[in-house]
Amino acid sequence: MEPDFFTAFAQPSALHHSPLKNDTIQGEKRKFINPTSCNNPKLEELQMLLIDWINTTLKQEHIVVKSLEEDLFDGLILHHLLEKLGSLRLEVERIALSEKKQKHKLAVILEAVAQSLQLEESQLKWSVDSIFQKDLLSTLYLLIAIAKHFQPDLPIPSNISVEVIIIERTLTGLRTENAVEYITENRENLEGQSKADAFDELFTHAPDKLDAVKKVLLQFVNKHVGKLGLNVTDADSQFADGVILLLLIGQLGGYFLNLREFFLTPNCATEMLHNVNLAVALLTDGGLLDFPVNAEDIVNRNMKTTLQVLYCLYSKYKTKET
């Protein structure tokens, strides 16, 4: 693994384009696409596909979009798009001129999107602030989600990933972290996809078996971290900071993780994300993780993602003696 993975990403050119403003409160975390990824031909292809889709859908309204983040931030075009695709009638002004009214309108629209897509708040990869601040990453996630729901036959290209920079304001200044995210589905490894599909099936059609799966995986985990004096009783929360996950990987792989490479007692979301990103990288480098994992899902206690990762370890090491 490259040593640079363990150091914070802080290139001046990247920070210069950061959406982090001076009025950001301490502990607030923001994420944006590394400017070097903006020249990715696949990312440009995705943007053009979404632009053409919006323009075709709203052709009768004589609406022409040229830039996703610049043209959609105030909610006007999103309003038209939802009315056209979902026949939604929203109680908002057609044209909002002031910033306050624009943000209110955008909030109503995004709430309608979440309800239509049946998404919990923890599942949202966008917010009113990020869309209004013309953040490309959030705008792409939003449009892809809308397209998949209302027009599932739209040929969205798979395997599009970008390097993202996560920035948090702390007492000592800006803390940065870099990671790679798949914006669209990664279908390069069919075996990995089938594992993910199996968990989708479990959560959707066999929730009654979920507790049994958790029990087996927790027994496996405790069998190997017990020698460290650790005991996991809550799969929903105890893996969120990445510590037990990293210690488990070390125990199973038979190596010691340098304590300077991760946060043993993380005290903020950025440190937790650093730990989980490291764990995901170790699993990927070791050939254990063959499908895309968003580290933020684990930090946000997404049970399906957490169990998928644990199952990868279980599949490889279930016969390993302690």
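- Checking side-chain atoms of Asn302 against main-chain N and O of Thr305 turns up a donor-acceptor pair under 3.5 Å.
- With sequence neighbours left out, Gln47 forms a side chain to side chain donor-acceptor pair (under 3.5 Å) with no residue at all.
- Side-chain atoms of Leu217 and Leu313, non-hydrogen and from C-beta on, never get closer than 4.5 Å to each other.
- The two residues Ile131 and Leu72 make their nearest non-hydrogen contact at CG2-O, 4.3 Å.
- Scanning all heavy atoms of the two residues, the minimum distance from Arg175 to Cys268 falls at NE-SG, 4.3 Å.
- Both Leu264 and Leu246 sit in one connected hydrophobic cluster of ILVMFWY residues. Membership requires side-chain heavy atoms under 4.5 Å apart, directly or through other members.
- Summarising the local packing, NZ of Lys316 is surrounded by 12 or fewer heavy atoms from other residues, nucleotides or ligands at distances under 6.0 Å.
- The side chain to side chain donor-acceptor pair (under 3.5 Å) test applied to Thr306 returns no partner, not counting sequence neighbours.
- Under the 4.5 Å side-chain heavy-atom criterion for Ile, Leu, Val, Met, Phe, Trp and Tyr, Tyr314 and Leu310 are members of the same hydrophobic cluster.
- For Pro157 against Leu46, the heavy-atom pair with the smallest separation is CD-CD1, 4.2 Å.
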| message | Could you go through Ser237 and Asp234, starting from their C-alpha distance and side-chain angles, then the distance that decides it, and tell me whether this counts as side chain to side chain donor-acceptor pair (under 3.5 Å)? | response | CA-CA 6 Å; Ser237 63; Asp234 185 4; 2.8 Å; yes

Subject >> Steps toward side chain to side chain donor-acceptor pair (under 3.5 Å) verdict (Asp129, Ser127) >> reply: CA-CA 5 Å; Asp129 285 338; Ser127 67; 5.4 Å; no

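- Here the side chain of Gln123 pairs a donor or acceptor atom with the backbone of Glu120 at under 3.5 angstrom.
- In terms of modelled atom types and a separation under 3.5 Å, the side chain of Asn277 and the main chain of Ala179 share no donor-acceptor contact.
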Test Val280 against Val309 for side chain to side chain contact (heavy atoms under 4.5 Å, CB included), laying out the working first. CA-CA 9 Å; Val280 170; Val309 170; 5.6 Å; no

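- With hydrogens and angles ignored, the 3.5 Å screen pairs a side-chain donor or acceptor of Glu271 with a backbone N or O of Asn267.
- When all heavy atoms of Leu154 and Leu50 are compared, the pair lying nearest together is CD2-CD2, 4.5 Å.
- A salt bridge between Lys31 and Glu181 is present, with a side-chain N of the basic residue lying under 4.0 Å from a carboxylate O of the acidic one.
- Gln238 places a side-chain N or O within donor-acceptor distance of the main-chain N or O of Thr233, the cut-off being under 3.5 Å.
- Between the side chain of Asp71 and the backbone N or O of Ser67 there is at least one donor-acceptor pair closer than 3.5 Å.
- At a threshold of 4.0 Å, the pair Arg30-Glu168 does not count as salt-bridged, since none of the basic side-chain nitrogens sits closer than that to a carboxylate oxygen.
- Gly75 and Ile109 get closest at one heavy-atom pair: O-CD1, 3.1 Å.
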Task: Candidate pair Glu61 and His80, rule side chain to side chain donor-acceptor pair (under 3.5 Å), full reasoning - done: CA-CA 8 Å; Glu61 280 79 3; His80 281 276; 5.0 Å; no

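- Listed by chain and residue number, Ile144, Ile156, Glu185 satisfy the side chain to side chain contact (heavy atoms under 4.5 Å, CB included) test with Lys148 (two or more places apart in sequence, or in another chain).
- Leu78 is listed as a side-chain neighbour of Leu142, based on a closest heavy-atom distance under 4.5 Å.
- Proximity of a side-chain donor or acceptor of Ser37 to a complementary backbone N or O of Ile33 within less than 3.5 Å is not detected.
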Legend entry - Verdict with reasoning, Ile146 to Leu85, per side chain to side chain contact (heavy atoms under 4.5 Å, CB included): CA-CA 9 Å; Ile146 292 174; Leu85 293 171; 4.1 Å; yes

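- When ring centroids are compared, Phe263 and His274 come within the 6.0 Å threshold.
- The minimum heavy-atom distance linking Cys38 with Leu43 is given by the pair CA-CD2, 4.0 Å.
- With hydrogens and angles ignored, the 3.5 Å screen pairs no side-chain donor or acceptor of Ser130 with any backbone N or O of Ser138.
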